[in-house]
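Here is the naming used below: chain letters follow the sequence lines, and residue numbers restart at 1 for every chain.
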Protein chains: 2
Amino acid sequence: MAGKRSGARKKRSQQAESTPQLRSEPPLSLERIIATAVDLLDTHGVDGLTMRRLADRLGSGVMSLYWHVDNKERVFDLALDAVLAFREPAPRGEALDWRADVVHMLEDWRASMLRHPWSASLLPRRTLGPNILNRLELLSRTLSKAGVIEANMNVAIWSLWNYVMGATITRASFDRSIDDLAAAQQALTRLSAHYPTIESTRLLLDSDWDGVFRKGLDFLLDGLAPKT
Amino acid sequence: MAGKRSGARKKRSQQAESTPQLRSEPPLSLERIIATAVDLLDTHGVDGLTMRRLADRLGSGVMSLYWHVDNKERVFDLALDAVLAFREPAPRGEALDWRADVVHMLEDWRASMLRHPWSASLLPRRTLGPNILNRLELLSRTLSKAGVIEANMNVAIWSLWNYVMGATITRASFDRSIDDLAAAQQALTRLSAHYPTIESTRLLLDSDWDGVFRKGLDFLLDGLAPKT
DNA sequence: ACCATGAATCGTATGGTGTACGAGTCAATC
DNA sequence: GATTGACTCGTACACCATACGATTCATGGT
C-alpha cells in the first residue's frame, strides 16, 4: 500500500537549454508552491493542506519544500497574501465619489476572501502581507480625501476592518456548513420554548448576507464621514 | 522515561459511601473535563490543548476522556459555550434605556471572549451552543423593544454580530502578538515609501481598541434604530 | 454466595502530522 | 578536473487523535 513513487524522474534532454522554464516537470519555485497551496486549500480546506500532500501535488519530495519556505506557517502567510491582491482602478479624472471607491474595494476584499473561504479565518491571526497593507494604504488615502481627519483615521480604518472581517468570517463558515445550520435551526425549533424570538424570525436560515453586509457598511460610513 | 503513572489508585473505604463526591481524586466528569480544558486553553493557547495534556492534568488516562466526550471537537464546543455564559441583569422596573442594555451585553460578550482569547477565533466556525443562543435571543428581544421591526430584525442582529466578532477576533490576535506587531510596524517604517499614509498615522501601534469598539458600535446602533 | 451486567478506566497500537538531519545531484565557476 | 553552492529527497523522530480490547468495580438478581 505504501505509495511506490515511481522513479519516473524525467531524464533531462542532452543538449543544454538556456531557458529552463519549459521543462515538462517544471522545477520547484516559491510561486509554484504557493499556487499549489492555494489550490489545495480551496479544494481540501485548511486542515487538508499538509506538506506531504503539497509535495505530492508538486511531484517533489517533502523536504524539498523547506528549501524554499521556512515552515508551514510561512506557506499560510504567502498563500493568504497571494489571494488578497487588489488591482487599484485607474485614478479617474476628478474628485469622484470616494464612497463608491471604498465600498468597491471592501466588497472586492470580501469577495476575494469568500472565493477562498479558508482565507477569512486565517487573516486576523497572521502577519499582514504586502497586499493587505496595500489595501489598508489605499483605504487610508481614500478616507483622507473624503475628509476624515488624521485624528480619526485609525479609528475609521479599524472599524471598517472589523466590520468586514466579522461579516466575512461568519459568512464563510456558515456557508460551508449549511447542513449544520439547518440542523441547528431544527434543534432551535425544538427548543422554541427557550428561544422564541430568534426562532420566529428564523434567524439561522433565511438571511441575506450580501444585503446585510452592504447596509451595515453604509451605516458605518455614514458615521465615519457624515455628509455635510 | 515512560511515565510510570503509579498504581496509587485509592482503595475505597470498606463501608459503602452514599456520597462519592468527596473522593481525594474526584472521578472524571464532563464538568471537570471542560473546566480543565478551559484552563489549558487559557494557559497554552488553542494548539496547546491536547487530549494527552488534558488527561494528565486530570490524573486520568487519555482514553477515559472519550467515555464522556465524543471527540476533541466536542471539547472545543463545550469549552467555548462554557465561557460565554451571560447572567441577564434583573429586568428593571420600567422601559429603561434599551441602548444601554445592548451595549452592556455586547461589551460583556467581547470582554468574555478577550478573557479567553482562543474563544473569539473559535466561535464563528463552531456550532452555536445554548449560551450563545441565549445571548442572541436576549439581543433580539431588546431590539424588538427598541422598535426594530421584524423585517429588519435578522439584519440588525447579524450586523451587530459581525461587528463584535470582527473587533474581538482582531483584538485578540493582535493582542497576543504585540511583538510581531511592533516588528510589523518597524518593517512598515522601512517600507514607508510604499505605505506612507498608514505609516504616518502609526496604524499598527497606538490604536485605542476599546474606544474604536465603542464608537463604531454607536454608529451602527444609530443606523439600526435612529433616534426619533 | 455467586455471578451477570454495564459504567468507567486505561494500555497499546495505528496511521497521520511537521520537520531535523545528512546524504545525495547537478550546473556553474575556478 | 576540482570545488562550490543551489537544490532535492529518504529516513527518522516526536507528537498527535483515536480505535480496539482488556480491566476494574459497584450494583442487582438469583
Can you figure out which of D/dT18, D/dC7, C/dT19 approaches the side chain of A/Trp67 most closely? D/dC7
Among C/dG18, D/dC7, D/dA17, the one nearest A/Lys72 by side-chain distance: C/dG18
[N] phosphate, OP1 or OP2: any side-chain N/O from [X] under 4.0 angstrom?
X	N	answer
B/His68	C/dT9	yes
A/Ser64	D/dC9	yes
A/Thr50	C/dT17	yes

Residue pair A/Asp70/B/Leu65 against DNA chain C: nearer the 5' end by closest nucleotide is B/Leu65
Please give, in whole Å, the distance from [N] [atom2] to [X] [atom1]?
X	N	atom1	atom2	value
A/Leu54	C/dT19	CG	P	12 Å
B/Tyr66	D/dC20	OH	C1'	13 Å
A/Leu28	D/dC9	CG	P	7 Å
B/Leu40	D/dA17	CG	P	11 Å
A/Leu30	D/dT8	CG	P	11 Å
B/Arg53	D/dA14	CZ	P	17 Å
B/Ile33	C/dT9	CD1	P	8 Å
A/Glu73	C/dG18	CD	C1'	11 Å

Just checking, is any N or O donor in the side chain of B/Thr142 or B/Asp101 under 3.5 Å from an acceptor N or O on the other one? no
Will you find, in the side chains of A/Trp161 and B/Thr170, an N or O donor that is under 3.5 Å from an N or O acceptor? yes
Would you call B/Asp210-B/Arg171 a salt bridge at under 4.0 Å N-O? yes
State whether the distance check finds a donor on one side and an acceptor on the other, under 3.5 Å, for side chain A/Arg52 versus base C/dG18. yes
Base, sugar-phosphate, or nothing for A/Leu49, non-hydrogen atoms under 4.0 angstrom? sugar-phosphate
Going by heavy atoms in the side chains, are B/Leu65 and B/Leu58 under 4.5 Å from each other? yes
So A/Phe213 and B/Trp158, side chain to side chain contact (heavy atoms under 4.5 Å, CB included) or not? Walk me through it. CA-CA 9 Å; A/Phe213 178 78; B/Trp158 283 127; over 6 Å; no
